[in-house]
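As structure tokens, the structure follows; a few thoughts come after it.
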Amino acid sequence: MTDLLHRILPTVQKPARYTGGEYNEIRKEPSEVRVNVAFCFPDTYEIGMSNLGMRILYGVMNAMEGVWCQRVFAPWGDMEQAMREHALPLWALESGRPVREFDMIAFTIGYEMCYSNILNMLSLAGVPLRSEERMGLRNIVFAGGVCAFNPEPLAPFIDFFSLGEGEEITVEIVRLYDRAKAEDWSKEQFLLAVSKIPGVYVPSFYEHIYNDDGTLRSVIAKNGAPARITKRIVENLDEAYFPTKMIVPSTEIVHDRANLEVFRGCIRGCRFCQAGFSCRPVRKKSPQVLYRQAIETLSDSGCNEITVSSLSTSDYKGLKELTDALIPYCEAEKINLSVPSLRADNFSRELMEKLQTVRKSGLTFAPEAGTQRLRDVINKNLREEEILNTCAQAFAGGWSSVKLYFMLGLPTETDEDVLGIAELVYKVIRSWKENASNKKRALRVHVATAYFVPKPHTPFQWERQITQAEYLRRCRLLKEHLYSKSIEYNYHESNLSELEAVFARGDRRLAPVIELAVKNGARLDGWDEYFRYDVWRDAFDKLGIDPRFYTTRGYGEEELLPWDGIDVGVSKSFLLAERHRAYENRLTPDCRHGCAGCGANRLLKEVRCDD
């Protein structure tokens with residue numbers, strides 16, 4: 001660590017974000033390292049250190065002989081200002097080495113509003129932003145994560161994308177780079193070779209041609225690149241790498257706890273949910289492996305909380321066996337065991353009462369829509385009586401706080417559906433009055449609404465996003481009908497959600513917008529303190545690009561979509577059929593009731609549906 005950094009650290013918030021030196025961080029002898037990877041998380045330390053995917057890939061790369069993967073996070077505004085004032089380049093935590101000196105620079109991208117951070121981090125590192133400006137094998141920039149399933153807005157900046165789950169493909173990529181460096185390949189040679197790895201997308205090998213109306217006419221693959229790239233999955237999670245020796249952060253992070261991933265994928269098929277479709281097929285860990293990983297992680301890290309997580313944790317069939325084994329250990333060690341992502345249709349009061357022996361927390365459910373008609377449209381497979389029965393059980397068991405999450409702007413939504421949210425909330429309040437075993441504690445109902453964002457690789461990828469004005473009108477309509485003192489209502493920022501939709505469904509013509517916005521100060525857009533909508537609007541206006549082309553216009557069913565060349569396993573024909581079922585108010589049963597034919601099981605060597 002430089003003397004300059006020592007002088008800066010006392011002047012910024014949370015200096016421990018920038019020092020490294022945490023328990024379980026991995027250090028290697030530089031002379032024994034052939035490939036140095038700067039693993040960049042495009043947000044702050046406390047967000048990135050909470051990310052399980054980053055923990056996994058950090059361990060995977062560092063388990064490779066001759067490879068040293070080091071962590072890099074986006075600095076907070078005060079540190080960035082100091083870095084720019086003193087010409088201090090962005091560095092990696094483990095060694096303090098500047099990022100621009102690394103062989104490979106990897107980004108994991110889970111949220112569209114981090115795009116500005118990617119460019120800003122490259123700028124702070126002194127690395128050219130565009131792929132074409134980076135010559136040779138030094139500073140190869142690649143990226144993965146759920147946002148890579150539509151990589152186009154970032155296409156000019158990223159040398160290649162790794163699609164899908166990274167445990168296996170990352171090893172193949174880094175090994176290839178190791179060979180390329182040893183044999184002194186050119187960058188073009190390396191990109192040609194890496195494009196042959198299944199699951200790798202090299203944007204520069206594809207030419208996008210547009211119609212006069214701005215829609216995409218064709219995509220031409222060059223240099224022998226495949227016309228369609230299929231994501232990678234890890235089939236056997238019991239044998240996959242899991243970081244039981246997690247890095248213990250030196251300062252508070254958002255999710256300061258151990259995280260136990262029980263399965264990947266989702267059986268449900270909610271039509272708005274990108275993760276529910278793009279992470280298929282379902283693959284599970286055994287309770288025995290999970291128990292061992294939990295004990296090893298807790299013993300090594302000293303964490304006093306562990307979370308059992310997945311997209312829908314209560315759908316895990318081994319949950320009772322796992323929690324029955326973990327609860328005695330957690331009670332003895334005074335560790336809180338939490339199980340989020342529970343559904344109202346399979347809520348177990350018995351399980352929740354066991355879990356609350358250490359700490360009693362509130363309940364969180366996501367009905368998403370206020371009326372049964374609209375829940376059927378989105379294929380939520382959740383009935384009002386199930387929601388109310390669950391609340392009644394919880395209130396009878398002593399709970400007095402519940403969080404309910406909804407979306408506004410879903411396809412076919414009417415004012416009746418909006419007011420249905422208020423009606424459902426009042427039914428929950430009535431249930432508390434009729435069933436609560438502890439009325440000394442006042443009921444708190446937290447209601448939150450999000451602005452619906454159509455996402456790629458979902459049945460709603462073609463939908464129009466309602467305008468900001470209409471979204472805010474619906475928020476006001478709902479708020480006017482939530483007048484109980486027991487209710488706390490919050491709604492998402494409309495400007496942010498509009499931009500999220502632009503970049504979620506955008507094409508590579510948006511790259512200059514991102515570049516200009518970053519030049520003019522866009523960064524940390526996921527944080528209220530730094531998000532500047534005016535900077536983004538100005539960038540769109542100066543470049544003559546209308547964001548409504550990607551939001552309120554919607555997309556035609558016959559239109560070639562920017563992400564059509566990415567295969568996440570679920571077929572486009574299935575998504576289209578699901579869209580038609582939505583407009584017919586028809587439900588599609590979940591995977592437990594028979595295979596619906598989404599196509600994702602073809603990614604498995606042994607074709608099966610969830611049992």
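Note: hydrogens, waters and symmetry copies are ignored here, and every other heavy atom, side chains too, is used. Residues take their numbers from the sequence shown, with the count starting at 1. Keep in mind it's a predicted model, so treat the numbers as computed, not measured.
By the ring pair (Phe, Tyr, Trp, His ring centres under 6.0 Å) test, Tyr530 is found to be paired with Trp76, residues two or more places apart in sequence or in another chain being considered. Partners of Glu333 under the side chain to side chain donor-acceptor pair (under 3.5 Å) rule, at least two apart in sequence or in another chain, do not exist in this structure. Residues forming a ring pair (Phe, Tyr, Trp, His ring centres under 6.0 Å) with Phe503 (at least two apart in sequence, or on another chain): Tyr115, Trp536. Under the ring pair (Phe, Tyr, Trp, His ring centres under 6.0 Å) criterion, Phe73 pairs with Tyr45, sequence neighbours left out. Take Phe41 and apply the ring pair (Phe, Tyr, Trp, His ring centres under 6.0 Å) test, not counting sequence neighbours, and it matches no residue.
The aromatic ring centroids of Phe39 and Tyr58 lie 6.0 Å or more from each other.
A donor-acceptor distance shorter than 3.5 angstrom exists from the side chain of Glu94 to the backbone of Arg71, with no hydrogens or angles considered. The backbone N or O of Ser286 sits less than 3.5 Å from a side-chain atom of Asp238, completing a donor-acceptor pair. Between the side chain of Asn379 and the backbone N or O of Gly269 there is at least one donor-acceptor pair closer than 3.5 Å. Formation of a donor-acceptor pair under 3.5 Å by the Asp300 side chain with backbone atoms of Lys245 is not found in this model.
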For residues 165-177, dump all side-chain donor-acceptor pairs below 3.5 Å to protein atoms at least two apart in sequence or in another chain.
unit_1	atom_1	unit_2	atom_2	d
Glu165	OE1	Val234	N	2.7
Glu165	OE1	Arg264	NH1	3.2
Glu165	OE1	Arg283	NH1	2.7
Glu165	OE2	Arg283	NH1	3.0
Glu165	OE2	Arg283	NH2	2.9
Glu167	OE1	Arg264	NH1	3.4
Glu167	OE2	Arg264	NH1	3.2
Glu167	OE2	Arg264	NH2	2.6
Thr170	OG1	Gly166	O	2.6
Glu172	OE1	Arg232	NH1	3.2
Glu172	OE2	Arg232	NH2	2.6
Tyr177	OH	Leu137	O	2.8

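In summary, Asp567 and Lys231 do not engage in a salt bridge, as defined by a charged side-chain N under 4.0 Å from a carboxylate O.
Side-chain contact between Trp91 and Arg97: absent, with no pair of heavy atoms (C-beta onward) separated by less than 4.5 Å.
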